[in-house]
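So the structure is just underneath, and the comments pick up after that.
In what follows, chains carry the letters A, B, and so on, assigned in the order in which the sequence lines appear, proteins first and then strands, with residues in each chain numbered from 1.
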4 protein chains.
Amino acid sequence: MSKVEKNKKQKESSLYKAAYDLFTTKGINDTAISDIIKKAGVGKGTFYLYFKNKYDILDKIILNKSTHVLSEAIRHTKAREFKDFEEELLYFIDYIIEYLRKDKLMLKLIYKNLSWGVFKKAYNDYEEIHEIYLMFERGYEKSPLHNDDIEKILFIILELTGSVCYSSIILNEPADIDEMKPILFKTVKKIIN
Amino acid sequence: MSKVEKNKKQKESSLYKAAYDLFTTKGINDTAISDIIKKAGVGKGTFYLYFKNKYDILDKIILNKSTHVLSEAIRHTKAREFKDFEEELLYFIDYIIEYLRKDKLMLKLIYKNLSWGVFKKAYNDYEEIHEIYLMFERGYEKSPLHNDDIEKILFIILELTGSVCYSSIILNEPADIDEMKPILFKTVKKIIN
Amino acid sequence: MSKVEKNKKQKESSLYKAAYDLFTTKGINDTAISDIIKKAGVGKGTFYLYFKNKYDILDKIILNKSTHVLSEAIRHTKAREFKDFEEELLYFIDYIIEYLRKDKLMLKLIYKNLSWGVFKKAYNDYEEIHEIYLMFERGYEKSPLHNDDIEKILFIILELTGSVCYSSIILNEPADIDEMKPILFKTVKKIIN
Amino acid sequence: MSKVEKNKKQKESSLYKAAYDLFTTKGINDTAISDIIKKAGVGKGTFYLYFKNKYDILDKIILNKSTHVLSEAIRHTKAREFKDFEEELLYFIDYIIEYLRKDKLMLKLIYKNLSWGVFKKAYNDYEEIHEIYLMFERGYEKSPLHNDDIEKILFIILELTGSVCYSSIILNEPADIDEMKPILFKTVKKIIN
DNA sequence: TATGAATGAGCCTTCATTCAT
DNA sequence: GATGAATGAAGGCTCATTCAT
């Protein structure tokens with residue numbers, strides 16, 4: 001990579017970092033582009049060299065971060081052995097929960113802006129995400145379930161996990177995450193059996 | 001009600017209506033207070049006589065609308081006879097789904113801004129909502145489940161219903177609502193059994 | 001006084017009191033008429049029955065308060081015996097200083113809006129103020145000074161007293177009032193001798 | 001200075017000039033920022049590039065103008081020879097009076113907003129103002145007076161000068177400045193002797 | 001007389017975007 | 001490529017004043 005290339009990458013990533021920090025701490029509406037460039041230490045025009053507008057950089061951040069959680073979760077899951085699919089899935093979910101609990105600000109940012117569409121995009125752009133599908137397919141391999149239905153169940157479980165995390169970790173509603181976890185796990189077990 | 005009193009109610013409700021229409025069609029961020037008052041046909045100062053700012057009226061609209069869906073759903077459910085709790089609950093959920101499918105704009109508005117906190121508030125302010133709890137309590141009356149856990153299951157089912165509706169009705173992801181319904185129903189059945 | 005008359009006086013004086021409290025605590029610019037009527041507990045239209053606008057009530061308050069300080073000072077001075085004019089004048093000034101020190105908020109309000117014009121008006125409208133002139137005339141009765149010059153010296157001494165009070169009591173500049181008093185007294189003595 | 005730099009200075013100073021003209025002719029309360037930028041021929045945003053708000057530019061104008069009067073007065077005083085301190089001080093005061101008489105609008109603006117605090121700031125930021133102190137120190141060098149007391153006397157004389165100018169030049173009260181001058185001079189002479 | 005709901009002019013302030021350097 | 005000064009549209013909000021009751 002040439003010196004110029006390196007410099008460009010550096011500017012871009014300092015913009016990402018600054019935007020992420022501001023979005024999570026001040027909120028999206030209250031973050032102006034001028035805040036971002038000030039924090040990133042670059043000129044105002046520079047922002048527009050890399051991003052179309054605030055929502056452009058926001059979308060990219062959300063995609064990055066969401067993908068990262070999921071790929072970390074599947075990577076750790078794959079590195080272990082489990083006695084069955086249920087155990088494996090619960091480990092996977094628990095990994096996500098613990099990750100989000102440790103990074104509440106990120107949870108707040110991605111959940112309210114996350115959609116299955118984003119997930120689909122991640123699936124196409126990042127190979128690691130395929131593994132999540134594969135895990136489900138293996139889990140259901142002896143079942144007569146159609147592949148499309150497997151996707152729907154995956155969807156339901158991820159939505160449920162996300163909802164519960166957001167509500168319990170951020171709002172403490174209807175109870176904190178430690179109280180919700182057993183219910184969530186029991187629910188997931190029922191869903192896949 | 002005096003003439004003045006009637007006039008006030010009229011202004012307030014024309015503001016509500018105008019704001020709701022604009023929020024659902026143009027979006028929250030792109031709706032200015034001046035848009036609202038223009039549509040409502042009142043002076044700018046009048047807006048601030050009734051609401052603190054845009055988010056004040058938004059919150060009130062969301063609370064109203066959400067409460068309305070739920071209370072309509074429970075009202076219709078109570079008007080019927082069912083052979084068991086499962087049948088009753090599925091009817092209740094189906095009512096919500098069909099309601100939201102018919103009013104996509106409202107779904108879009110309330111879902112992304114709805115939280116269990118709003119629901120709790122509705123529970124305290126509107127008596128109809130109590131009936132939802134009562135339905136669940138009756139459904140679980142023979143079960144050894146703790147009341148707190150019943151609340152959590154109710155929460156999970158409502159979140160799931162909301163998530164599935166939003167994603168399938170608005171985004172058609174991962175499939176349209178007609179395809180998702182059977183999966184959702186099967187899931188709910190599993191959860192309560 | 002009829003009941004109606006009494007009620008009117010009461011409303012007017014509650015407006016005065018409310019306005020004074022707000023002007024002194026929040027400042028003139030930051031006090032709105034709606035603040036005043038809220039505090040006074042009267043309707044908005046009522047304000048306009050008694051005053052033309054904010055500056056109308058302000059002017060009247062300043063005139064009242066300034067006159068009150070001066071007439072109290074002269075009343076107390078007249079109630080005592082002094083060995084000469086110098087002693088009398090210093091007592092008079094000291095009375096004003098101590099009064100203003102005890103009511104900093106009032107000092108702040110009247111000083112920045114006081115002028116010799118206000119004083120002149122007070123002279124015409126309130127008889128007590130005449131006494132201040134008389135004190136000076138007596139003090140200078142053996143001197144060949146023209147009456148007009150006496151007025152100018154009175155003006156100079158009052159301005160000086162006001163300036164020193166404002167600066168030292170409110171701003172602590174260039175020193176606090178206890179440090180400034182001896183200098184002020186020495187100066188006044190020099191001026192009249 | 002680069003072209004950009006020069007352009008910036010130009011914008012800033014056109015804002016200063018426009019604001020000063022409006023403050024002095026229309027008054028502070030009746031001058032809106034939009035008036036200022038219209039007169040200055042710059043965009044609204046430009047104002048906020050240079051000043052925080054109306055009072056920011058006002059404070060800076062007052063400081064500039066007050067400093068200017070005083071530094072002009074001391075500069076002219078230093079350029080002459082006097083037989084003693086009294087003559088020197090009266091010349092200095094007279095210079096200020098004549099300056100203010102020629103620029104009534106400025107007098108109106110600065111006097112009601114001037115305070116010893118502003119003067120202190122000017123003393124720290126502008127070297128010329130030190131000379132005023134030095135003149136007083138030289139004047140009192142044979143006297144046993146403490147330095148702090150010298151400052152207080154300087155304060156008193158300046159306040160008195162300001163008060164008299166404002167009242168007589170602007171309000172013609174209690175007499176016009178030509179009538180007040182002899183009294184003021186006599187008073188100052190008494191104060192320093 | 002007293003009220004207070006309604007108004008809308010007009011203020012301040014922000015901010016995305018441009019473009020000359 | 002990088003900059004940041006300049007912009008002005010747009011928005012939020014306040015408040016003196018009116019007038020029907």
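We find the OH-CG distance between Tyr166(D) and Leu100(D) to be 12.5 Å, quoted to the nearest 0.5 Å. Separation of atoms OG1 (Thr25(A)) and NZ (Lys108(A)) is listed at 10.0 Å; rounding is to 0.5 Å. Rounded to the nearest 0.5 angstrom, Phe23(C) CZ and Leu105(C) CG are separated by 14.0 Å. Rounded to the nearest 0.5 angstrom, Met106(C) CE and Tyr111(C) OH are separated by 14.0 Å. For the atom pair OH (Tyr55(B)) and CG (Asn29(A)), the distance works out to 4.5 Å, reported to the nearest 0.5 Å.
Taking a heavy-atom distance under 4.0 Å as the criterion, the stretch of DNA chain F touched by chain B extends 5' to 3' from dG11(F) to dT21(F).
Scanning residues 38-62 of chain D for heavy-atom distances under 4.0 Å to DNA chain F yields Val42(D), Gly43(D), Lys44(D), Gly45(D), Thr46(D), Leu49(D), Tyr50(D).
With a 3.5 Å limit on both pairing distances and Watson-Crick or G-U wobble geometry required, the stems of 3 or more pairs in DNA chain F span E:2-21 with F:2-21.
In this structure, the side chain to side chain donor-acceptor pair (under 3.5 Å) partners of Asp21(D), at least two apart in sequence or on a different chain, are Lys17(D). Applying the side chain to side chain donor-acceptor pair (under 3.5 Å) criterion to Lys26(B), with sequence neighbours excluded, gives Asp35(B).
For Ile37(D) and dT14(E), the CD1 to P distance is 15 Å, given to the nearest whole Å. If you measure from atom CG of Asp30(D) to atom C1' of dC12(E), you get 16 Å, rounded to the nearest angstrom. Atom CD of Gln10(C) is separated from atom P of dT1(E) by 16 Å (rounded to the nearest Å).
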Next on the checklist: Assess the residue pair Tyr16(C) and Tyr20(C) against the criterion (ring pair (Phe, Tyr, Trp, His ring centres under 6.0 Å)); give the C-alpha distance rounded to whole Å, side-chain angles, the decisive distance to 0.1 Å, and a yes or no.
Outcome noted: CA-CA 6 Å; Tyr16(C) 269 124; Tyr20(C) 175 73; over 10 Å; no
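Between Asp35(B) and Lys8(A), it is Lys8(A) whose nearest contact on DNA chain F lies nearer the 5' terminus. With DNA chain F read from its 5' end, the first of the two nearest nucleotides for Asn7(A) and Ile33(B) is the one closest to Asn7(A). Mapping Val4(D) and Ser34(A) onto DNA chain E via the closest heavy atom, the residue that lands nearer the 5' end is Ser34(A). Nearest-nucleotide assignment on DNA chain E puts the 5′-proximal partner with Lys11(B), out of Lys11(B) and Ala32(A).
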Give every donor-acceptor pair under 3.5 Å between a side-chain atom in residues 58-69 of chain D and any protein atom, sequence neighbours left out.
| residue | atom | partner | partner atom | Å |
| --- | --- | --- | --- | --- |
| Lys60(D) | NZ | Asp56(D) | OD1 | 3.2 |
| Lys60(D) | NZ | Asp56(D) | OD2 | 3.3 |
| Asn64(D) | OD1 | Tyr126(D) | OH | 3.3 |
| Ser66(D) | OG | Ile62(D) | O | 2.4 |
| Thr67(D) | OG1 | Leu63(D) | O | 2.5 |
| His68(D) | ND1 | Tyr99(D) | OH | 3.0 |

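With a 6.0 Å radius and a threshold of 12 heavy atoms from other residues, nucleotides or ligands, Lys121(A) has its NZ atom at or below the threshold.
Minimum heavy-atom separation, Leu22(A) to Lys39(A): CG-CD, 3.9 Å.
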